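Below is one structure, written out as structure tokens, with a few remarks after it.
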Amino acid sequence: MHGDEDEQGRAAVAKIVVGVDDSEHAHGALRWACAEAHFWDDPEVVVVHAWHYPYRNRRSGHTDLKAGIEADAHEALDELVATARSAAGEGVTITPSLIEESPVEALLEAARGADMLVVGSRGRGGFKAALLGSVSQQVAQHAPCPVVIIREGVLAPVGATS
């Protein structure tokens, strides 16, 4: 951990990075990160949403499509951050981070200097996972800080009430 120790002898946590998309497992990861922030005396929670333009030919003239994808990503992140701020309450600083990159690269980049990286896991297995590897598996292997993986269904979506 990067921080100093607190009064109880715990390593202080100053920055928690959480990866999100519009899935339920990402809501669970975000909810967990906000709750964890209170435990660590309210460090900054950086909410990372990665997006990328699937067609890389810059001469294609598809600028409107790319702008639409980016606008959708901004809107999704804004909604998640607003909900997280409401659920987290006072004291927790929620910082949005929209990164044009693959999810793995975006999370690894954002995790530099972080004390913890939180991601959700869909729990998919089989051929696709074996061939490509999951985002949670990739970041767990390569992250520069401890990684917490939240399984789908562990926690209710951000903002949900019991």
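None of these values were measured; they are calculated from a predicted model.
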Heavy-atom closest contact (His38 atom, Glu90 atom, distance): CE1-O, 3.4 Å

Pairwise side-chain contact, Ser121 with Arg151, heavy-atom cut-off 4.5 Å (strictly under): yes

Atom pair CG (Leu80) and CZ (Arg85), whose distance is rounded to the nearest 0.5 Å: 11.5 Å

Non-hydrogen side-chain atoms of Val46 and Ile16 separated by less than 4.5 Å: no

Closest heavy-atom pair and its distance - Leu117, Ala111: CD2-CB, 4.2 Å

Euclidean distance, Glu75 CD relative to Asp22 CG, rounded to 0.5 Å: 11.0 Å

Taking every non-hydrogen atom, the tightest pair across Val81 and Pro96: CG2-CB, 3.8 Å

Rounded distance (nearest 0.5 Å) linking atom CD of Glu79 with atom NE2 of His74: 13.5 Å

Test item: Asp21 and His25 side chains (from C-beta on) under 4.5 Å apart, heavy atoms: yes

Side chains of Lys15 and Val45 in contact at under 4.5 Å (non-hydrogen atoms): no

Any Leu30 side-chain heavy atom under 4.5 Å of Val47 side chain: yes

Between Glu44 and Thr93: side-chain donor-acceptor atoms closer than 3.5 Å: no

Check: Arg112 side chain, Pro144 main-chain N or O, donor-acceptor pair, under 3.5 Å: no

Value rounded to 0.5 Å, distance of CG in Asp115 from CD in Glu36: 11.5 Å

Contact summary for Ala140 and Val147, nearest pair of heavy atoms: CA-CG2, 4.0 Å

Closest heavy-atom pair and its distance - Ala37, Pro43: O-CD, 3.0 Å

Side-chain donor or acceptor of His49 paired with backbone N/O of Leu98 under 3.5 Å: no

Trp51 CH2 to Lys66 NZ distance, which is reported to the nearest 0.5 Å: 5.0 Å

4.5 Å side-chain heavy-atom contact, Ile150 and Val119: no

Arg31 and Cys34, any side-chain heavy atoms less than 4.5 Å apart: no

Over all atoms of both residues, closest heavy-atom pair of Val118 and Ala29: CG1-O, 3.6 Å

OG-CG distance between Ser102 and Leu108, expressed to the nearest 0.5 angstrom: 8.0 Å

